[in-house]
Participant: 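Before I ask anything, here is the structure I am working with.
So that the names make sense, note that chain A is the first sequence line, chain B the second, and so on, each numbered from 1. Keep in mind that what you see is a predicted model, and the values were worked out from it rather than measured.
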Amino acid sequence: MASTSSHTAASYGVTHDDHHHHEPGFFQKYIFSTDHKVIGIQYGLSSLAFLFFGFLLMMAMRWQLAYPGKAIPVFGALFEKVLGTDMAQGGVMQADLYNSFGAMHGTIMVFLAIVPLAFGAFGNYVTPLQIGAPDMAFPRLNMASFHLYFLGGVVMLGSFFIPGGAAKSGWTSYSPLATLADPVNVIDGQTLWLVGMVLLITSSLLGAVNFITTIIQLRARGMTWMRLPFFVWAQFVTAFLLLLAFPPLEAAGLMQLADNVLGTSFFLPTGLVTSAGQVPVSGGGSPLLWQHLFWFLAHPEVYVLILPAMGVVSEIIANNTRKPLWGYKSMVYAAMSIGFLSFIVWAHHMYLTGMGTKVATFFQTTTMMISIPSVIILTALFISLWGGSIRFNTPMLFAVSFLPMFGIGGLTGLPLGFNASDIYLHDSYYVIGHFHYVVAPGTIFGLFAGIYYWFPKMTGRYMSETLGKIHFWGSLLGMNLVFTPMFIQGMKGMSRRMSDGGATYFGADDIALTLNKSITHAAVLLAVFQLPFIYNFFASIRNGRKAESDNPWGATTLDWATPTPPPHGNFLTEPVVYHGPYEYSAPGAKQGFVAQDRKS
Amino acid sequence: MSDHSSHAPAHSGDHDHHDIAAHVRTYMVVFGALLVGTVITVGMYYVHFESMAVTIAIALFIASIKAFLVAGYFMHLLSEKKVIYSMLAVTVVFFFALGALTLWSSNDMPRNTETKALYVP
Amino acid sequence: MEIPYTYKPRPDTGLYNAKVGIWLFLASEIMLFGALFSSYILLRVTSPAGEWPMVEKAWPHGLLNIPIGTFNTAVLITSSVTVVLAWAALKMNQFGKFRIYMVITLLCAFGFLGIKSFEYNEKFTHYELRLKNGQVHTGHIEVNGKHAGFWDFGSIYNLERLGKEQVKEISFTADPAKPKPGEKHAEGASHEHKKMTVKVEEISKLDAFILRNHTFFAIYFVVTALHGLHVLGGALVLGYFAFPGAKFWKKNPEQFTNRIEVAGLFWHFVDLVWIFLFPVVYLL
Amino acid sequence: MTQLLQKLGMPAPASAHAPALDDFVGYVHVLMLVLFVGWLAYYLLALYRFRQSASPKADYVGVKSHMSTYLEIGVAVVEAVLLVGFAVPLWARAVDEFPVAKGDPKTDPIEVQIMGQQFKWSAHYAGPDNKWGKQEIQSASATNPFGLDANDAAGKDDVVCALGEPFKLPLGRAIICKISSMDVIHSFKLTAMRVTQDAIPGLTIPAHFTPTKVDKYVITCAQLCGSGHAVMRGDFEVVSPEDFDKWYAEKAKSGGGAGSFE
Ligand code: HEA
Ligand code: HEA
Ligand code: CUA
Ligand SMILES: [Cu+2]
């Protein structure tokens, strides 16, 4: 053991542990592992599978939007068989199926794909490495949180196959629709959605506790707060968002569960009348209460979707411009302000539920305030490009194109944030365009960049650059062709969540309907360009070009100071940090950069 | 019972036996105060004030004092570390933000909004 | 490989990992119960007037059993002090005392849950009866000469079910007239329970004091049940440390003491929630 | 400004407050466009100029100027101006400044109850006597969405266009819609009028506007409300005041009112 008198010396002995001499079995190694890297990979593979599944759901919906009433090719017959004729009669997507797929697309993309990929996978794999820790602070809790996530996913998927089908009230699950949507079955899709959400929320809470404790307690010696890579800061703020924003939705979920199965009326007001007559509940509840509790989570949640991606992008930009991030400190403070403010802007999703001037003014003021730190982070990244020596490898291509894509998404958030313009744009395709620009070419690009970037650390091999570039250019084109036309549809007043693509409101030759078709075609194009990625991902694990060293990108942060792939316990000797995170091209540096753990 | 004397006493540095004994006395005092607080709160219910607002204010005031005692002494929050204070500070801010803003929103609606369905008398 | 600071405090933060972890967890619990409290307040202030028969105001009042609630508060407070005394005993190296305090804590915990379940049962068997002629009563019912048993969900009736089972009449024992808080007991007011027979066709509403009856009961049961689950969970953890887990004391007394501190923090928090819950749902 | 937006696809404005609102949407988009184009130009330049082959050695310090700070402050100031100068007053006008009745039946604002239900819109006017018929929950049903009491005298002349039947509104007169729902949340959206208000069960929320163009219009439901959400279309027509009065009087007589629910 190299280090002597250190207070954590015992932690880093890889040979000193007598209990671990025997090779762990398959289950111990891959299913019940407590190693943060294995858990990270578990999260990664499951969430990529969910991402793909969420995309497939959307492809079926896009078919229906472009060709309403026409049978879905290939899958139509399958849907009819598996999900029942009332869902897909003759292979045609019925309104209920559309709503159900829509709700599940949103839920799966947000809670089962992007958050687990950004926070669960990258967070787990990279954070302990970057702060120089041997593992997470509570390894068994970490495992439990993955298992809860997985269980939640199984419950969500299972809900497709129960009578009545999966939840069909949007990912927002507004009451009273969520409660009244299926009057026949008591255990309906919504019930399983709620059970699944409670599991997922609990998983995220445990994850958040673990991350924050790890970052506070397990930083290596010398790793002061302002020497943390920006990625770690992003994860830190994200974890706080999850920790404090999720519980109110858990409470709301329990209450809606009671409304669904126990006949309470937390969210059901007095005087509900349906075609079956007066709804037999006591009434007295408040539908808006659900919305408040939901958005209290869901607005911070959108920053959960974006902050880790910003973290990844920052690492890659610093690395490939070969210079320090410009304004690192202001980025850190901006991330913290985003985190703080994101708790008090939620009602900008509720302007049109009936809001007086005072409250509306409060919420739009905070909304405008929160756009400033985003501008600060983006600006800092832009300025970081200036004076660099930019290498355009695949991770960098994805990372730099994150910037304008997030820019478009963020800028289109402004007219939604002003309540006066939201009057017209609310719940139109403009909103769909806005947030997909942030989450799809935004976050997904950031995460793709991360996959290409850390792949050599995880496997010791590069992914193919050629296939990577095909994937990049195809995705960039596809994403823009899919989402730009949505702004025009929104401007035309096309509402979201329309199972016929707006055919009830627009004449057959209206441009809004023409665009529906072109968007769908672009989505097919987008899908085709994912194939090289999927092939590249799996093929490169065994056949990719070997990485030259443990630090093939010439990076400064501690994650590259480990053997490849990092062993259990990560570091061979206790890492000690002497420098800030991005000492690229520092004057006098020998290899053009100064690693964080290099003495002097 | 004292067969554990072979173990090193569990120190964490800033406590020793005397300290702890003093703490124990504090705990008993706090315990008494909590019981008294409970009795006062319940007694107030039977006294019955005219104004509901006063009743709520007093009840919540006593509850807050009790909470302060439990958190401050039993949970040692009065001598806790800075990290924990800052964590709890943001939590408390968001706790009140959630309650206050939700309540405010339900009060400030467009003029002439009625909080009932059209056909509910 | 070992994780640093599992029980020794990290010098710059002065804390060991589990302590940071538990406080973070409690922060999230604050938001969880915070959301429920907010919901309670919102439902209460926006509840439509004239919904509830016993009082002029919209929100039911005085339906919970205050003496029992008070007693349970005392029980929980006691358990809170004993758990901190148990920790102090470990600090002073008195394992025997620790055990005694833990046992008291556990007795209190299960006592609390037992009492709570009596209270619940009282509500499940208590009915609100509205007649078509406008009269409103509360009390207990007998259907076909049978009372409901302890936690006997199968015999909770409402109007719909009476119709389905073609019950023609039920017998109803009305509660004695209760003085309003602060009011003097009217001279000669009857104390006895009046038993009467009620024809089902005259009833306009019949429901036990269960969740679906009113949002007040809905939130009362949801919050107290969630709190009860916390008590149960905490009791299981404390029970583990008091008996099977206590072996660890020999291996690493410092870490064991920390575990008790952490479990205790959770336990105090559960007590803290009750400190607010009790006045809010029982008294106000 | 408004024309620019119409090029982008926005339908022509048809209510008194719509042009101001459109202008505002325009201003925000100009701000966005300026930022976007400016940043994009800078960004492409930076990527091109500092590619590795052209700039083999990176500059450790990078940009020294404080331009970006001024720029950020600039963005904040413009946002503040848009907020205080436009968004807040526009909103206040929309939700709090209701037109008031001055006692002249020809120009007074006209009140319409709007009820959303799965999956139809209904409208209810007080009728020539200006008195609402008695409404109560016992009478409410899927076919009597306003819960009108058929025996109430005040309701005999009420004008009801229920369950998707098209209704008419007079040109140039303020309309106050009292919007509610009987089952789930819908959203009452008139794109041409620039009006959107969720129809929320248990609440009756007013929204007002003054039509400025004779034409046929649609009500879109902008909030997911179940399987028929996509087809929950409502139709109404803005007609000249004379035509409206004629239609109104006829409707009131022909028993569009409460009596028809028996
Ligand atoms: C990651 C996700 C994410 C992010 C980051 C954001 C960011 C923002 N969002 Fe968005 N939003 C969503 C996801 C997100 N949103 C989702 C999912 C919904 C819909 C939910 C639903 O109803 O289902 C939504 C809906 C939504 C609404 C409700 C609309 C409605 O329903 O009517 C509003 C309204 O205020 C809003 C506002 C904003 C604002 C002001 C920001 C700001 O934070 C943006 C700040 C950023 C900028 C201002 C850009 C700065 C960039 C530059 C200056 C550089 C430009 C450079 C180039 C172009 C090269 N969003
Ligand atoms: C993070 C969130 C997220 C993401 C990433 C996406 C991604 C996409 N979304 Fe979605 N979407 C939502 C969140 C998201 N969406 C939400 C919340 C709603 C609202 C739901 C509601 O109304 O309730 C919505 C609604 C929504 C609608 C509107 C439906 C309606 O209102 O009727 C549409 C319409 O086109 C759409 C399309 C798409 C498309 C084409 C993508 C594409 O960008 C998808 C891109 C994905 C890929 C390209 C997959 C790549 C996968 C792989 C490469 C897997 C590789 C696997 C291995 C290696 C194992 N989405
Ligand atoms: Cu009604 Cu959508
Ligand atoms: Cu938001």
Side-chain angles (χ1 to χ4, degrees), chain B residues 1-5 7-13 15 17 20-21 23-24 27-28 30-31 34-35 38-39 41-42 44-49 52 55-56 59-60 62-63 66-67 70-71 73-76 80-84 87-88 90-92 94-96 98-99 102-103 106 115-116 120, chain C residues 9 13-15 19-20 23-24 26-28 30-31 34-35 37-38 41-42 45-46 48 66-67 69-70 73-74 77-78 80-81 83-85 88 90-97 180-183 249-250 253-254 256-258 261 264-265 268-269 271-272 275-276 278-280 282-284:
Chain B
M1 288 291 161
S2 55
D3 56 354
H4 292 289
S5 49
H7 291 287
H11 275 283
S12 70
H15 291 296
H17 275 229
I20 296 292
H23 281 190
V24 168
Y27 297 149
M28 295 316 289
V30 169
F31 178 50
L34 289 172
L35 289 181
T38 308
V39 170
T41 318
V42 176
M44 193 191 72
Y45 173 78
Y46 290 103
V47 170
H48 187 80
F49 290 100
M52 194 62 192
T55 319
I56 293 178
L60 289 185
I62 298 175
K66 286 164 72 181
V70 172
Y73 293 97
F74 289 178
M75 301 171 90
H76 310 134
E80 202 40 275
K81 299 292 179 295
K82 219 174 79 197
V83 175
I84 288 178
M87 277 167 2
L88 289 178
V90 285
T91 309
V92 168
F94 297 147
F95 171 91
F96 283 109
L98 173 61
T102 309
L103 203 61
S106 74
T115 51
K116 64 181 188 59
V120 172
Chain C
T13 58
L15 298 161
K19 189 135 170 205
V20 180
W23 272 111
L24 286 165
L26 293 185
S28 90
I30 291 176
M31 295 309 288
F37 273 110
S38 301
I41 296 170
L42 194 93
V45 300
T46 62
I66 292 171
T70 313
T73 308
I77 290 177
T78 310
S80 205
V81 74
V83 94
V84 75
L85 291 176
L90 284 186
K91 278 270 179 200
M92 296 188 285
N93 216 2
Q94 301 164 322
F95 185 81
K97 251 184 164 174
K180 291 216 183 73
E183 264 177 27
W249 167 251
K250 294 209 174 162
E254 186 171 352
F256 184 72
T257 312
N258 286 346
E261 182 180 14
L265 282 171
H268 297 309
F269 177 78
D271 181 29
L272 228 152
I275 284 180
F276 284 102
F278 172 64
V280 170
Y282 282 74
L283 303 178
L284 294 181

Participant: Let's test your reading of the structure: which of B:T55, B:V30, B:V39, B:I56 forms the most heavy-atom pairs below 4.5 Å with chain C?
Facilitator: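 Sorted descending by pairs with chain C, the first entry is B:I56.
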Participant: Can you say whether B:V83 sits under 4.5 Å from chain C via the side chain, the backbone, both, or neither, judging by heavy atoms?
Facilitator: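 It is the side chain, since no backbone atom gets that close.
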Participant: Closest approach of B:A67 and C:I275, non-hydrogen atoms and distance?
Facilitator: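 Looks like N-CG2, 4.3 Å.
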Participant: I'd like to verify something: which residue of C:T70, C:L15, C:L26 has the highest number of heavy-atom pairs under 4.5 Å with chain B?
Facilitator: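 Of C:T70, C:L15, C:L26, C:L15 has the most heavy-atom pairs under 4.5 Å with chain B.
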Participant: Quick one: what part of C:S28 sits under 4.5 Å from any heavy atom of chain B, side chain, backbone, both or neither?
Facilitator: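 For C:S28, no heavy atom lies under 4.5 Å from chain B.
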Participant: Pick out which of B:V42, B:L34, B:T38 makes a side chain to side chain contact (heavy atoms under 4.5 Å, CB included) with C:T73.
Facilitator: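 Answer to the side chain to side chain contact (heavy atoms under 4.5 Å, CB included) test with C:T73 among B:V42, B:L34, B:T38: B:T38.
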Participant: Less than 4.5 Å to any heavy atom of chain B: does that hold for the side chain of C:V83, its backbone, both, or neither?
Facilitator: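 Neither; nothing under 4.5 Å.
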Participant: Looking at residues at least two apart in the chain, or sitting in another chain, which of them share a ring-ring contact (aromatic ring centres under 6.0 Å, His included) with C:F256?
Facilitator: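 With neighbours one apart ignored, the set is C:F98.
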Participant: Distance check, rounded to the nearest 0.5 Å: C:W23 atom CH2 versus B:K81 atom NZ?
Facilitator: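 C:W23 atom CH2 to B:K81 atom NZ measures 12.5 Å (nearest 0.5 Å).
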Participant: Hey, is CZ on B:F95 packed in by over 12 heavy atoms from elsewhere, all under 6.0 Å?
Facilitator: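 Check passes, neighbour count above 12.
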Participant: For B:M75, is it the side chain, the backbone, both, or neither that has a heavy atom closer than 4.5 Å to a heavy atom of chain C?
Facilitator: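 Its backbone and side chain both get close to chain C.
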Participant: Heavy atoms only: give me the nearest C:P279-B:A59 pair and the separation to one decimal.
Facilitator: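 What the structure gives for the nearest pair is CB-CB, 4.4 Å.
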Participant: For B:S106, which atoms come within 4.5 Å of any heavy atom of chain C: side chain, backbone, both, or neither?
Facilitator: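 B:S106 touches chain C through side-chain heavy atoms alone.
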Participant: With rounding to the nearest 0.5 angstrom, report the CG to CE distance, C:L24 to B:M87.
Facilitator: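 So the gap between those two atoms works out to 4.0 Å.
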Participant: What pairs with B:E80 under side chain to side chain donor-acceptor pair (under 3.5 Å), at least two apart in sequence or on another chain?
Facilitator: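 Partners of B:E80 under the side chain to side chain donor-acceptor pair (under 3.5 Å) test: C:K19.
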Participant: For B:L103, which atoms come within 4.5 Å of any heavy atom of chain C: side chain, backbone, both, or neither?
Facilitator: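 For B:L103, heavy atoms of backbone and side chain both lie under 4.5 Å from chain C.
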Participant: With a 4.5 Å cut-off on side-chain heavy atoms, are B:V70 and C:F269 touching?
Facilitator: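 Sidechains of B:V70 and C:F269: no contact.
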Participant: Find the distance between OG (C:S80) and OH (B:Y27) and round it off to the nearest 0.5 Å.
Facilitator: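 That separation rounds to 11.0 Å.
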Participant: Over all heavy atoms of both residues, which pair between C:A88 and B:V24 is shortest? Give the atoms and the distance, please.
Facilitator: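 Taking every non-hydrogen atom into account, CB-CG2, 3.8 Å.
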Participant: What pair of heavy atoms forms the shortest contact from C:V81 to B:M28, and how long is it?
Facilitator: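 Between these two residues, the closest heavy atoms are CG2-SD, 4.5 Å.
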Participant: Please round to the nearest 0.5 Å and tell me the distance separating atom CD1 of C:I30 and atom CG of B:L88.
Facilitator: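 CG of B:L88 is found 5.5 Å from CD1 of C:I30.
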Participant: Between C:A35 and B:L98, which heavy-atom pair has the shortest distance, and what is it?
Facilitator: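 So the two residues come closest at CA-CD2, 3.8 Å.
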Participant: Most heavy-atom pairs under 4.5 angstrom with chain B, which of C:L85, C:T46, C:V20, C:V84?
Facilitator: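 Looking at each option in turn, the highest pair count goes to C:V84.
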Participant: Let me know if C:I66 has heavy atoms under 4.5 Å from chain B in its side chain, its backbone, both or neither.
Facilitator: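 Looking at C:I66, just its side chain touches chain B.
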Participant: So do C:K91 and B:H23 actually touch side chain to side chain, heavy atoms under 4.5 Å?
Facilitator: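 No - every pair of side-chain heavy atoms lies 4.5 Å or more apart.
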